[in-house]
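First up is the structure itself, then whatever we jot down about it.
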Amino acid sequence: MKNLSSFEAFKLNKVQMSVVKGGVQCTIDFGDGDILLTKVHSDLDAAAAEKALKESYQDIASVSCS
């Protein structure tokens with residue numbers, strides 16, 4: 001691997017980079033002082049992860065992901 005072209009085989013796409021950097025970080029606020037910080041490790045983007053968590057928690061908590 002003496003030149004840049006040797007690294008092309010190891011180049012990651014956007015989904016793979018998301019997994020490497022840890023996925024999507026989400027905050028789940030229960031409104032009573034309890035806040036859960038979590039990372040979603042999947043190929044979901046922030047908007048899709050937020051939508052999935054909002055469906056899971058419905059009226060129990062507010063969710064935001066970035």
key: Heavy-atom closest pair, residues D34 and D32   =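 Nearest pair, atom of D34 first, then D32: N-OD1, 3.1 Å.
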query = For the residue pair A46 and V24, what are the closest heavy atoms and their distance?
reply =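 Closest pair (atom of A46, atom of V24, distance): CA-CG1, 3.7 Å.
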Straight-line distance of [X] [atom1] to [Y] [atom2], nearest 0.5 Å:
{"X": "D29", "Y": "Y57", "atom1": "CG", "atom2": "OH", "result": "12.0 Å"}
{"X": "Q25", "Y": "C65", "atom1": "CD", "atom2": "SG", "result": "9.0 Å"}
{"X": "E50", "Y": "C26", "atom1": "CD", "atom2": "SG", "result": "7.0 Å"}

Quick check on the hydrophobic clustering: are [X] and [Y] connected, directly or via other members, by side-chain heavy-atom contacts under 4.5 Å?
{"X": "I35", "Y": "L53", "answer": "no"}
{"X": "I60", "Y": "I28", "answer": "yes"}
{"X": "L36", "Y": "V63", "answer": "yes"}

